[in-house]
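Here is the structure we will look at, set down as structure tokens.
Just so you know, these numbers come straight off a predicted model, no measurement behind them. The analysis underlying the following values was restricted to heavy atoms, covering all of them including side chains, and did not include hydrogens, waters or symmetry mates.
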Amino acid sequence: MFANIIRSQLVTGGVRRSQSQATMAFALSLQRWSSSVAPLARSKLTTKLTTTPKTKLPNNQLVFGQSFSDHMLTIEWDAAKGWHAPSILPYGKLHLDPASTVFHYAVECFEGMKAYKDKAGKVRMFRPDMNMKRLNRSCERLTLPTFDSEQFLECIKEFLRVEKDWIPNERGYSLYLRPTAIATQESLGVGASNRALLYLIASPVGPYYKTGFNAVSLFATQDYVRAWPGGTGDAKVGGNYAPGIRPQIEVSKQGYQQNLWLFGKEEFITEVGTMNFFMFWTNESGKRELITPPLDGTILPGVTRDSILSLARSWGEFEVSEKPIQMSTVVKAIKDGRVHEMFGSGTAAIVSPIKTIRFKDQDLAIPLDPKDKAGQAGPLTKRMADTIQHIQYGEVDHEWSIVV
């Protein structure tokens with residue numbers, strides 16, 4: 001890893017740098033793992049409350065990611081001193097130099113997580129430790145500074161205590177949390193940044209899709225690729241999402257809600273839109289199986305994905321597998337009547353049932369509820385959604401639900 005960093009410091013934008021410059025940059029990079037710089041510490045957290053609270057929208061007017069709570073959490077970092085004191089401040093603009101690395105080389109990563117309010121009014125989080133671990137992995141992939149997960153999570157919990165009134169009471173609604181890390185060094189050189197900002201904003205949300213939990217239609221995309229081996233497909237970085245906007249707009253004009261991302265001449269299924277992909281079917285051996293692509297470096301290790309796999313395995317009712325899925329296998333299984341359900345999974349939607357896949361000029365119909373022709377989700381899809389929501393809202397006791 002260190003060898004790769006020093007090589008990246010030697011050449012920036014096609015201009016070879018001096019050995020002394022590269023050595024200095026490399027030394028700064030090493031400080032990320034040095035115990036001599038200050039760690040992120042909840043004990044240093046300060047809070048400054050807003051004097052101009054915002055007017056909250058009623059639940060039925062909430063649009064995903066369009067309105068934000070009164071405050072934000074910010075923590076600066078620099079290579080010489082390490083992590084600065086965390087601060088909860090009134091929500092406001094960030095002041096960054098136009099040369100900040102994040103603007104030029106997309107040195108940015110983020111997380112998506114939620115806070116819920118149960119019937120007793122207690123604030124809950126769903127498996128936040130997994131989000132912290134994944135954010136640290138994403139930071140490390142981009143040579144952004146890593147942090148103590150427990151300490152940052154404690155800062156987030158305090159933020160939620162401050163913003164408790166922004167968490168909707170109604171089931172199905174929540175406060176969406178967006179922790180983000182960006183490189184803020186003022187430099188046009190390509191290399192590890194000596195300054196960074198870790199911050200968090202919050203948005204009250206309802207259902208992610210306008211159609212709620214209605215089934216979606218997919219376009220199996222062959223002209224574009226979401227991720228590739230050795231890339232950043234398994235990290236939650238902004239650079240993975242921007243290139244997917246154009247393909248999504250193109251298929252939406254044809255009446256499809258999302259892309260089904262295929263990879264390689266074998267046409268392996270990777271993800272669906274910005275979600276993980278699941279298929280419930282009867283496999284070639286005649287056994288019922290829930291299958292999802294493996295974490296091979298091109299797939300984001302979703303928290304909801306892991307939760308679905310863990311729940312399904314705990315039920316012990318059918319096989320649960322993580323293995324490659326070729327589109328040709330899916331087409332044959334559909335024609336043979338062996339596909340029972342398909343869905344995408346993610347923090348925003350939990351699960352999103354799939355009703356159609358457009359592949360090579362043909363619309364392939366995916367079964368939904370065999371007992372209800374008007375139903376928009378299959379039995380397993382609905383069971384997963386209900387089970388996870390029961391846990392998220394504290395309706396059942398479970399180790400995944402963390403009371404703030």
Side-chain angles (χ1 to χ4, degrees), residues 39-40 42 45 64-65 68-69 71-75 77 83 86 88 108-117 123-142 144-163 166-167 174-182 196-205 208 232-241 271 274-276 292 295 299-311 344-351 384 388-389 391-394 398-404:
L40 195 160
R42 158 66 178 87
L45 177 66
F64 182 86
F68 300 93
S69 67
H71 300 89
M72 60 185 185
L73 170 65
T74 66
I75 317 171
W77 175 92
W83 289 103
I88 295 175
E108 180 269 356
C109 57
F110 65 95
E111 271 302 316
M113 52 200 300
K114 291 181 177 180
Y116 312 84
K117 195 173 286 184
V123 176
R124 294 175 176 269
M125 302 181 77
F126 181 75
R127 308 190 75 182
D129 57 310
M130 292 196 68
N131 295 100
M132 296 297 98
K133 292 176 183 177
R134 188 171 64 183
L135 183 56
N136 257 325
R137 289 196 301 269
S138 297
C139 285
E140 188 172 12
R141 178 65 177 85
L142 299 182
L144 283 165
T146 55
F147 53 87
D148 185 304
S149 294
E150 291 185 6
Q151 291 296 305
F152 185 39
L153 183 55
E154 288 303 314
C155 291
I156 295 175
K157 289 180 180 179
E158 183 58 31
F159 173 86
L160 289 174
R161 295 182 186 105
V162 171
E163 301 291 70
W166 281 91
I167 306 174
S174 57
L175 187 65
Y176 183 84
L177 305 176
R178 175 54 66 90
T180 305
I182 61 175
L197 176 67
L198 178 63
Y199 68 93
L200 178 141
I201 56 177
S203 175
V205 297
Y208 182 77
T232 58
D234 58 349
K236 203 167 179 66
V237 303
N240 289 346
Y241 292 80
E271 295 194 2
T274 59
M275 300 179 289
N276 293 122
T292 191
L295 299 179
I299 306 295
L300 185 71
V303 176
T304 309
R305 174 189 183 276
D306 183 84
S307 302
I308 289 170
L309 291 172
S310 297
L311 288 171
S345 72
T347 298
I350 304 179
V351 292
M384 284 295 180
I388 290 176
Q389 279 200 319
I391 297 171
Q392 290 172 338
Y393 289 92
H398 202 285
E399 62 181 353
W400 291 347
S401 181
I402 306 300
V403 178
V404 174

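- Summarising the geometry of Glu111 relative to Tyr176, their closest heavy-atom pair is O-OH, 4.2 Å, with the distance given to 0.1 Å.
- The CG atom of Asn240 lies 8.5 Å from the OG atom of Ser138; values are rounded to the nearest 0.5 Å.
- Shortest non-hydrogen contact noted between Met113 and Pro179 is SD-CG, 3.7 Å.
- No close placement of the Tyr116 and Phe126 rings is indicated, their centers lying 6.0 Å or farther apart.
- Annotation: the span from Ile167 atom CD1 to Lys117 atom NZ amounts to 5.5 Å, rounded to 0.5 Å.
- Side-chain atoms of Thr292 and Asn276 include no donor-acceptor pair closer than 3.5 Å.
- Scanning all heavy atoms of the two residues, the minimum distance from Pro86 to Leu73 falls at CB-CD1, 4.4 Å.
- Rounding to the nearest 0.5 Å gives a distance of 6.5 Å between CZ of Phe152 and CG of Leu135.
- Across all non-hydrogen atoms, the minimal contact from Leu160 to Met125 is CD1-SD, 3.7 Å.
- Between Trp77 and Leu198 the shortest side-chain heavy-atom distance does not fall below 4.5 Å.
- Taken from CG in Leu40 to CG in Leu153, the straight-line distance is 11.5 Å, to the nearest 0.5 Å.
- For the atom pair CE of Met130 and OG1 of Thr347, the computed distance is 10.0 Å after rounding to the nearest 0.5 Å.
- Minimum interatomic distance between Val237 and Tyr241 (heavy atoms only, all atoms of both residues): O-CD1, 3.2 Å.
- One distance of note links CG of Asn131 with CG of Asn136; it measures 11.5 Å at 0.5 Å rounding.
- Residues Ile402 and Pro128 approach most closely at CG1-CD, 3.7 Å, considering heavy atoms.
- Taking the charged nitrogens against the carboxylate oxygens, Arg137 and Glu140 have no contact shorter than 4.0 Å, which rules out a salt bridge.
- You'll find the side chain of Leu175 stays beyond 4.5 Å of the side chain of Val123, heavy atoms only.
- Side-chain atoms of Arg134 come within 3.5 Å of backbone N or O of Pro301 as a donor-acceptor pair.
- In this structure, Glu108 contributes its side chain and Ile182 its backbone to no donor-acceptor pair below 3.5 Å.
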